[in-house]
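Just below is one structure, and these are the notes that go with it.
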Amino acid sequence: MSSTQTPIGIDLGTTFSVVARVDRHGNPETITNAAGERWTPSAVLFEEGSVIVGTEARNAAYLEPEGFADFAKRDMGDDGYHRTIHGQLYPPEVIQSLVLKKLKVDYEERYGEMRDVVITVPAYFNEPRRKATQDAGRLAGLNVLDIINEPTAAAIAYGFQQGFLSKEGKAERSERVLVYDLGGGTFDVTVMEICGSDFKTLATGGDVHLGGIDFDQRLIDYACDQFIEKHGQDPRSEPSGVQRLKRIGEDVKRALTHRTQTTFPVDHAGYSLRVPISRELLEEKTADLMTRTVFTIRSVVRQAGLQLSDLTRVLLVGGSTRMPMVDSTLQKEFGFELDRTVSTDEAVAHGAALYAGVLMTRQTGGISGMTVQNVNSHSLGVLGTDTKTGRPRNGVVVPANTALPVTKGKRFSTARDGQTSVKVSVIEGGSATGQNSTPVGECVVRDLPEGLPKGTHVDVIFTYKENGRLEVQATIPSLKKNAKLVVQRDTGLSDARLEEWISRVEKIAVSPS
Ligand code: ADP
Ligand code: MG
């Protein structure tokens, strides 16, 4: 197998990113970065014309907070990273692409070209966030074969490990697995059915704003409150202090995984304080976060049409599941037996590499037995107006947790004689009135033929592909004709801006390498 054909999977994480590939014997292996680490912090420090990515960037963050960006994954799908970097607003996918570029550079130093890859996304990512992830790959000069949901990837790694996927030993038994993924910035729950080498997602749910960083923040806030009480000054008032507190907060939390007591050192304005912190205190300050994960589990299991007792296994993924409170909460609430046979940090990347292998075999005409079925995590709707009340209305076209791919049409009628265009606002999620929904974009059916009578039907057809990306088409049934359709996205990079950024990112050197 030549190096360009090696299946590669990338877990592009909020906090850490991991690269894996399938070795000559068909087994997934983690690829270390240039510094020999198995995971690379998804952190970027911008310098003049170049960037530093990874541990070095994190370590220098407090010296140059204005040039530092991390947790960009949380902002994916938004127009810009949540704060400016050296006064400039960067799209989050550009920051993530620089992380990918670092992974690529490090890989290529030893193994030859990195080109075709599968990148993972939280199952709960909506369509704009998925598009932004694919764009990040393109910006980094990668050919993204596909994106795959992180829990699905973890389940594939698990299935592989259990021998479900080996050529000889196709297992007969089927399992209903709950994947609990608590990472650095996101939380995902997915219920899957694994039957032999078929991986079917039954339901998924989660929270893109719940992860390890929130546990860190509670400790930081507690320590700062103690400091203010003692010295009357807030250590969070200067940016470099905030970066340092973040590092310490995370270290303290991690220490409490294997110890029951530690201290949080705070230095500010010439004063210092050592704040004692116990595991008990951490658990007390974050109990509501754990409760949120419990509610999500209940709701996802219900949406899968199952009872808790139907589950045969709980897979723990993500660094934050190392916290003892995850075990105790899940056991207390559900009596779950927890499975730690897959590596919490590497399973996602390993599953992605295995999936890349399947896709590449398929492309070359080979047969591969694995099937992966996904569901959409958010409903897809069209925003309209209720004719009776005059209020906005969310006309749901595809409900959440529908098996993918799915194609559904919605019929619209022209309101006037001679109308030449129809505009449709597409949203994901949200209430019946469209509140809290994410605008995906506007589909404008253009250049309708002249002289159409009022009330002419225009069908807009939505297809959610297996990977959760959306395709839209429009037809005029009375004319048996496809209409021209332009999707104007409300968020993320337009094609023109993407091209522009591709050439800019190309010129940014990644150091050290
Ligand atoms: P992501 O997928 O979001 O990048 P990871 O799955 O790599 O995240 O998990 C990173 C999170 O796991 C961080 O918040 C980190 O603090 C936390 N973490 C890692 N090890 C431990 C530990 N031993 N105890 C508690 N939290 C941990
Ligand atoms: Mg992760």
Side-chain angles (χ1 to χ4, degrees), residues 13-16 39 41 55 58-59 61-62 70-71 180-187 189 207 209-238 240-297 314 316-340 343-345:
T14 313
T15 354
F16 294 101
W39 35 86
T55 303
R58 272 185 120 192
N59 290 344
Y62 75 96
D70 63 353
F71 284 90
Y180 179 101
D181 182 353
L182 188 59
T186 55
F187 171 61
V189 175
D207 200 327
H209 286 277
L210 176 60
I213 190 182
D214 299 296
F215 293 75
D216 305 348
Q217 193 59 46
R218 296 284 167 90
L219 290 182
I220 294 167
D221 290 343
Y222 173 78
C224 288
D225 288 348
Q226 301 294 309
F227 191 92
I228 293 169
E229 212 162 87
K230 186 98 200 270
H231 299 298
Q233 306 232 24
D234 190 345
R236 291 163 294 194
S237 56
E238 48 166 6
S240 69
V242 170
Q243 290 301 339
R244 216 172 20 227
L245 286 165
K246 279 191 187 171
R247 290 302 305 275
I248 300 168
E250 196 196 342
D251 288 347
V252 168
K253 175 194 69 180
R254 283 185 187 229
L256 290 174
T257 289
H258 53 89
R259 299 169 53 179
T260 52
Q261 185 77 44
T262 186
T263 54
F264 193 129
V266 189
D267 288 303
H268 176 67
Y271 299 110
S272 64
L273 185 68
R274 290 167 69 82
V275 183
I277 311 243
S278 66
R279 186 187 287 166
E280 224 177 336
L281 182 98
L282 168 66
E283 296 183 354
E284 186 193 304
K285 294 279 172 207
T286 56
D288 60 308
L289 302 178
M290 286 310 299
T291 306
R292 265 161 71 188
T293 75
V294 167
F295 283 143
T296 305
I297 292 177
V314 175
L316 295 181
V317 189
S320 298
T321 59
R322 289 208 181 85
M323 293 187 293
M325 68 176 111
V326 171
D327 266 45
S328 54
T329 305
L330 296 185
Q331 270 171 23
K332 189 171 107 230
E333 293 288 336
F334 305 113
F336 286 158
E337 271 294 312
L338 306 176
D339 193 302
R340 290 186 179 275
S343 156
T344 47
D345 303 297

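Note that the numbering runs from 1 along the sequence shown for the chain. All figures in this text were calculated on a predicted structure; none of them were measured in a lab. The figures that follow rest on heavy atoms only: side chains count, while hydrogens, waters and symmetry mates do not.
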message: Between D216 and R247, does any NZ, NE, NH1 or NH2 come within less than 4.0 Å of an OD or OE carboxylate oxygen?
response: no

query: Can you name the closest pair of heavy atoms from V326 and S320 and give their distance?
result: CG2-O, 3.6 Å

- prompt: Can you find a heavy atom in the side chain of I248 that is under 4.5 Å from one in the side chain of P265?
  reply: yes

Rounded distance [0.5 Å steps], CG in L256 versus CD in Q261: 8.0 Å

task: Let me see the working for V314 and D339 under side-chain contact (heavy atoms from CB on, under 4.5 Å), right down to the final yes or no.
output: CA-CA 6 Å; V314 175; D339 193 302; 5.9 Å; no

query: Within the distance-only criterion (no hydrogens, no angle test), does the side chain of R279 pair as donor or acceptor with the backbone N or O of T257 below 3.5 angstrom?
result: yes

Nearest-0.5 Å distance, CG of residue D221 to CD of residue Q226: 11.5 Å

query: If you measure only the distance, is there a donor-acceptor pair under 3.5 Å linking the side chains of T293 and Y180?
result: yes

field: D225: which of K230, K285, R236, R218 passes salt bridge (Lys or Arg N to Asp or Glu O under 4.0 Å)
entry: R236

- prompt: So which of L289, T296, T186 actually passes side chain to side chain contact (heavy atoms under 4.5 Å, CB included) with L210?
  reply: L289

field: T260 backbone acceptor or donor facing S278 side chain under 3.5 Å
entry: no

- prompt: Any side-chain heavy-atom pair from R292 and D207 closer than 4.5 angstrom?
  reply: yes

query: Using 4.0 Å as the upper bound for N to carboxylate O, is an ion pair formed by K253 and D214?
result: no

field: Minimum heavy-atom distance between S240 and Y62, given as atom pair plus value
entry: CB-O, 2.9 Å

message: When you measure from the side chain of R274 to the backbone of T263, do you find a donor-acceptor pair of N or O atoms at a distance under 3.5 Å?
response: no

field: Heavy-atom closest contact (R254 atom, H258 atom, distance)
entry: O-CD2, 3.7 Å

query: Between M325 and L282, does a side-chain contact (heavy atoms from CB on, under 4.5 Å) hold up when you go through it step by step?
result: CA-CA 9 Å; M325 68 176 111; L282 168 66; 3.8 Å; yes

message: Do the side chains of K246 and E250 get close enough for a salt bridge, i.e. N-O under 4.0 angstrom?
response: no

task: Decide yes or no for L316 and L338: does some side-chain heavy atom of the first lie under 4.5 Å from some side-chain heavy atom of the second?
output: yes

query: Are there more than 12 heavy atoms of other residues, nucleotides or ligands under 6.0 Å from atom CD of Q331?
result: yes

- prompt: Any side-chain heavy atom of L245 sitting closer than 4.5 Å to one from P235?
  reply: yes

query: Which atom names give the shortest non-hydrogen contact between G249 and L219, and what distance separates them?
result: O-CD1, 4.0 Å

field: Side-chain touch I213/T15, heavy atoms, less than 4.5 angstrom
entry: no

- request: Might you point out which heavy atoms bring C224 and D234 nearest each other, and give the distance in Å?
  value: CB-OD1, 4.2 Å

query: Does the pair D70/R58 count as a salt bridge with the N-to-O cut at 4.0 Å?
result: no

- request: Give the ring-plane orientation class for H231 versus Y271, where under 30° counts as parallel, over 60° as perpendicular and anything between as tilted.
  value: parallel

message: Atom CZ of residue position F334 - does it have more than 12 heavy atoms of other residues, nucleotides or ligands inside 6.0 Å?
response: yes

- prompt: Do H268 and F227 come close enough that some side-chain heavy atom pair is under 4.5 Å?
  reply: yes

query: Is R322 salt-bridged to D327, going by a charged N under 4.0 Å from an acidic O?
result: no

Y222/I277 under side-chain contact (heavy atoms from CB on, under 4.5 Å): CA gap, chis, key distance, verdict: CA-CA 9 Å; Y222 173 78; I277 311 243; 3.8 Å; yes

